[in-house]
Amino acid sequence: MTPSMQATESVQGDRTAAIVAGATFILATAAALASAPLLPSLSGADYLAGIDTNANRMVAGVALLLVAALSSAGIAVAMHPVMKRWGASLALASVVFRAMEGVLYIVAATFLLSLLSLSHQFVLAGADRATLEAIGDTLRSGREHAGLVAVICFCLGAFSYYVLFFQSRLVPRWLSGFGILAIVMMFVACILALLSDSPITGYVFLLFPILVQEMVLAVWLILRGFNTAPPKATAF
């Protein structure tokens with residue numbers, strides 16, 4: 001294969017990686033957002049009965065969460081062949097942390113399925129429900145904590161590729177720079193949620209910037225792709 005053919009093949013591969021990554025960004029976000037209205041409330045004294053009543057919605061919501069989990073891990077994997085040329089360590093870190101994120105989201109979804117099974121027993125148990133409620137509270141807490149640690153892993157993985165983007169100029173610096181800022185804001189939300197032992201969704205104003213950022217990045221990658229000939233590649 002001639003050098004020109006190799007260069008053409010590399011450009012085509014980078015373009016494909018950008019499109020796949022952008023589409024996966026959108027799929028992960030869409031699946032996560034679509035799952036929210038399907039999942040029944042896990043608060044209140046009678047939440048287990050509510051889960052049993054909305055069992056089909058719960059299953060659909062969990063299925064979408066699994067799609068989001070696998071897509072989250074797939075984002076960094078799709079970008080890795082391009083990123084590793086400009087910063088192998090940061091590229092690997094992004095894959096590792098976003099894979100951990102996906103695994104933890106699957107764990108959180110497993111807790112939800114366990115709650116679904118428990119809710120059936122709860123409804124059939126009659127008056128003797130105290131033990132089942134205690135188990136349910138443990139599963140609910142496990143799901144919340146697994147989700148929070150997953151978000152922390154997301155922050156670490158996303159911070160890795162945004163720093164790499166900023167250094168290498170694979171995407172414009174205004175885009176990668178805002179990404180770094182948005183990730184820092186989300187990490188602050190994680191710390192606040194951890195310290196207050198409350199859901200991270202209570203800090204929407206700190207979470208919204210990264211939601212916008214990821215969608216802008218997705219559209220940029222699909223329409224424009226990576227700038228694989230930046231003026232200066234900085235190893236890290």
Asker: Is there a side-chain contact between Leu170 and Asn227 (heavy atoms, below 4.5 Å)?
Answerer: no
Asker: Applying the 4.5 Å side-chain criterion to the ILVMFWY set and letting contacts propagate, would Val20 and Val77 be lumped into a single cluster?
Answerer: no
Asker: Quick check: is Trp174 connected to Phe25 through a chain of hydrophobic side chains (ILVMFWY, heavy atoms under 4.5 Å apart)?
Answerer: yes
Asker: Regarding Tyr203 and Ser196, is there a side-chain donor-to-acceptor distance under 3.5 Å anywhere?
Answerer: yes
Asker: With no hydrogens and no angle check, is any side-chain donor or acceptor of Arg57 less than 3.5 Å from a backbone partner on Pro37?
Answerer: yes
Asker: Is there a donor-acceptor contact under 3.5 Å from the side chain of Ser141 to the main chain of Thr138?
Answerer: no
Asker: Would you indicate whether the side-chain heavy atoms of Leu164 and Ser94 approach each other to under 4.5 Å?
Answerer: no
Asker: CG/Leu118 to CG/Leu113 distance, rounded to the nearest 0.5 angstrom?
Answerer: 12.5 Å
Asker: Any sub-3.5 Å donor-acceptor pair from Arg15's side-chain atoms to Ile222's backbone N or O?
Answerer: yes
Asker: If you round to the nearest 0.5 Å, how far is CD1 of Ile183 from CZ of Phe159?
Answerer: 9.0 Å
Asker: State, with a plain yes or no, whether a side-chain heavy atom of Leu181 is found less than 4.5 Å away from one of Pro209.
Answerer: no
Asker: Just checking Arg224: does its CZ atom have more than 12 heavy atoms from other residues, nucleotides or ligands closer to it than 6.0 angstrom?
Answerer: no
Asker: Where the side chain of Thr29 meets the backbone of Ile26, is there a donor-acceptor pair that is under 3.5 Å apart?
Answerer: no
Asker: Where the side chain of Arg143 meets the backbone of Ala108, is there a donor-acceptor pair that is under 3.5 Å apart?
Answerer: no
Asker: Below 30° counts as parallel, above 60° as perpendicular, anything between as tilted: where do the rings of Phe226 and Phe165 land?
Answerer: tilted
Asker: Taking the side chain from Gln213 and the backbone from Leu175, do they hold a donor-acceptor pair closer than 3.5 Å?
Answerer: yes
Asker: Heavy-atom distance under 4.5 Å between the side chains of Phe122 and Glu133, does that happen here?
Answerer: yes
Asker: When you compare the side chain of Leu206 with that of Leu192, does any pair of heavy atoms fall below 4.5 Å?
Answerer: yes
Asker: Is the shortest side-chain heavy-atom distance between Leu115 and Leu42 below 4.5 Å?
Answerer: yes
Asker: Ignoring hydrogens and angles, tell me if any N or O in the side chain of Tyr47 forms a donor-acceptor pair with the backbone of Gly136 under 3.5 Å.
Answerer: yes
Asker: Has the side chain of Arg98 got a donor or acceptor atom that lies under 3.5 Å from a matching backbone atom of Ile75?
Answerer: no
Asker: Looking at side-chain heavy atoms only, is the closest gap between Phe111 and Glu144 below 4.5 Å?
Answerer: no
